[in-house]
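The structure appears right after this line, and notes come after that.
Whatever order the structure lists them in is the order used to number ligands and atoms, beginning at 1. What you are looking at is a predicted structure, and each value in this text was computed from that prediction instead of being measured. Below, all heavy atoms of this structure are taken into account, side chains as well, without hydrogens, waters or symmetry copies.
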Amino acid sequence: MSVLVLGGAGYIGSHAVYQLIDKGETVVIVDNLETGQRQAIHPDAAFYEGDIRDIDFLRSVFEKEPIEEVIHFAANSLVGESMKNPLKYYNNNVYGTQVLLQTMIEHDVKKIVFSSTAAVYGEPESTPITEAMPTLPTSTYGETKRIMEKLMKRTDEAYGVNYVSLRYFNVAGARETAEIGEDHCPETHLVPIILQTALGQRSHITIFGDDYNTPDGTCIRDYVHVEDLIDAHLAALDYLRDGGQSDVFNLGSSQGFSVKEMIDAARSVTGKEIPAKIGARRDGDPSILIAGSDKAKQVLDWKPARTSVAKIIEDAWKWHSSHPNGYRKEVST
Ligand code: UFG
């Protein structure tokens, strides 16, 4: 029996595949390699290169492989891009999920763990953000993820496909042994940009605004280690296997760190200067996003173990310093 990981060549999906294989699971990966990396594919996984919107392709994978459960990471996930190109997000994220659910129903596959986002909440009325709070996404990206959740809810009601939707806060870090890590092109995320600056690949990092209503004026986010995040996916899979009902969980560390605090933490871990300049605010950035993750701890028995920012940055630094060009082979200049 196999677990199908859609988007298993991406940053978060590849970490899921490695942990599943560590636990003795048989894994099938589908990825169109639009943002995924061939080098991130675990050598022991069966890999099918293709697009989840292509129903004939997806059906052929379900016909060849004994798939029992699905973990769905295959989506576009950049807030800024989603505002400029909303139809790309509706097409790949929403339509792609519709095709996936139809294929699952046809093949009687009734369990799915889904990669959702804190962006479904939009600008929160208070923190910490709990799952009971209203979902009012401010970006197309967040809206498509919310619609994907609704698609799964209706599909569950009609066909009994059980789902767990995991709403991620800020995911960072890398596998401790550093075979895989974070490599986006273009890079927009804070931790990799800080570490690229530590490596001298950028002259400085621009802090997007220091006039927010926070103690040091910079935005506060809740950073969760990618390996802890994946632990929650494995716990969600066990929950569904044990007959758990469809549900939604936040995944964060429930601790907030400002952009300046993250840069300072990276200076301590790397011993590098990491020059920083203050720039303008980035459109759409809420000032504070902190998760209430008690529900995942209680219901899924999720036990995040790598909760310090130092550990997140240490593991990310192992990856970045040993792979200065990410998955590309050339030596850094
Ligand atoms: N930041 C900078 N300079 C940079 C990059 C980021 O100051 O060069 C700041 C941002 O303004 C923000 C913080 O660092 O305050 C974190 O930014 P990221 O881009 O790393 O992450 P976001 O909080 O914007 O986004 C993350 C996920 C999204 C998800 C969102 C949910 O990456 O996929 O959380 O709110 F939608």
Side-chain angles (χ1 to χ4, degrees), residues 7 10-13 35 73-83 89 93 114-124 127-129 133 135-146 148-149 165-173 182-184 186-198 201-226 229 250-253 255-266 274-293 309 312-313 316:
Y11 165 47
I12 299 175
T35 54
F73 298 100
N76 293 110
S77 62
L78 296 177
V79 171
E81 182 190 53
S82 79
M83 302 307 282
Y89 278 68
N93 295 3
F114 174 67
S115 162
S116 188
T117 171
V120 299
Y121 294 109
E123 182 78 50
T127 55
I129 301 170
M133 285 186 182
T135 50
L136 297 165
T138 49
S139 67
T140 307
Y141 166 61
E143 189 164 84
T144 58
K145 286 276 174 168
R146 183 68 191 111
M148 292 152 88
E149 290 185 343
S165 181
L166 300 172
R167 294 176 176 166
Y168 311 162
F169 283 66
N170 288 65
V171 187
E182 190 166 9
D183 178 14
H184 299 114
E187 189 53 78
T188 63
H189 294 93
L190 181 67
V191 171
I193 288 177
I194 291 174
L195 297 179
Q196 288 172 353
T197 311
Q201 294 174 336
R202 297 172 185 260
S203 60
H204 64 277
I205 171 159
T206 303
I207 296 173
F208 296 144
D210 69 348
D211 57 352
Y212 286 92
N213 187 18
T214 59
D216 67 16
T218 65
C219 287
I220 292 177
R221 294 286 181 275
D222 179 335
Y223 296 87
V224 57
H225 195 297
V226 64
L229 184 95
N250 286 344
L251 297 181
S253 66
Q255 305 174 82
F257 288 87
S258 72
V259 176
K260 281 186 178 166
E261 286 173 325
M262 294 300 285
I263 296 170
D264 283 341
I274 315 185
K277 293 185 184 171
I278 307 298
R281 286 185 177 201
R282 188 172 66 176
D283 278 349
D285 272 342
S287 53
I288 304 180
L289 289 175
I290 300 175
S293 296
V309 161
I312 291 174
I313 293 176

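- Closest to atom 3 (N) of ligand 1 among all protein heavy atoms lies T206 O, 2.8 Å.
- Of all protein heavy atoms, the one closest to atom 11 (O) of ligand 1 is D285 OD2, 2.6 Å.
- Checked options N250, T138, T135; the residue passing with Y121 is N250 (criterion: side chain to side chain donor-acceptor pair (under 3.5 Å)).
- The aromatic rings of Y141 and Y89 sit perpendicular to each other, their planes meeting at more than 60°, with 30° as the lower class boundary.
- Near T188, with a cut-off below 4.0 Å to any heavy atom, the atoms of ligand 1 are 5 (C), 19 (O).
- Near S77, with a cut-off below 4.0 Å to any heavy atom, the atoms of ligand 1 are 33 (O).
- Of all atoms in ligand 1, numbered sequentially from 1 with element shown, those under 4.0 Å from a heavy atom of L289 are 35 (O).
- With distances taken over non-hydrogen atoms, the option nearest atom 16 (C) of ligand 1 out of F257, F208, Y223 is Y223.
- Salt bridge annotation for E149-R146: present, with a cationic side-chain nitrogen under 4.0 angstrom from a carboxylate oxygen.
- Counting protein heavy atoms only, atom 9 (C) of ligand 1 is closest to V259 CG2, 3.7 Å.
- Close approach to C219 involves these atoms of ligand 1, each under 4.0 Å from a residue heavy atom: 15 (O).
- Nearest protein heavy-atom contact of atom 28 (C) of ligand 1 is Y141 CE2, 4.4 Å.
- Of all protein heavy atoms, the one lying nearest to atom 31 (C) of ligand 1 is A119 N, 3.6 Å.
- Cation-pi contact between R221 and F257: absent, since separation from the ring centre below 6.0 Å together with deviation from the ring axis within 45° is not met.
- Among R221, M262, R282, H189, the residue whose heavy atom lies nearest to atom 24 (O) of ligand 1 is R282.
- Close approach to I193 involves these atoms of ligand 1, each under 4.0 Å from a residue heavy atom: 8 (O).
- With ligand atoms numbered from 1 in the order given, ligand 1 contributes 29 (C), 31 (C), 36 (F) to contacts under 4.0 Å with heavy atoms of T117.
- Remark: L251 CG to N170 CG distance equals 12.5 Å, nearest 0.5 Å.
- With atom 22 (P) of ligand 1 as the reference point, the heavy atom nearest to it among L78, I278, L190, N170 is part of N170.
- One distance of note links OG of S77 with NZ of K145; it measures 7.0 Å at 0.5 Å rounding.
- An N or O contact shorter than 3.5 Å is missing between I207 and ligand 1 by distance.
- Remark: ligand 1 atoms within the under-4.0 Å shell around heavy atoms of V79 are 36 (F).
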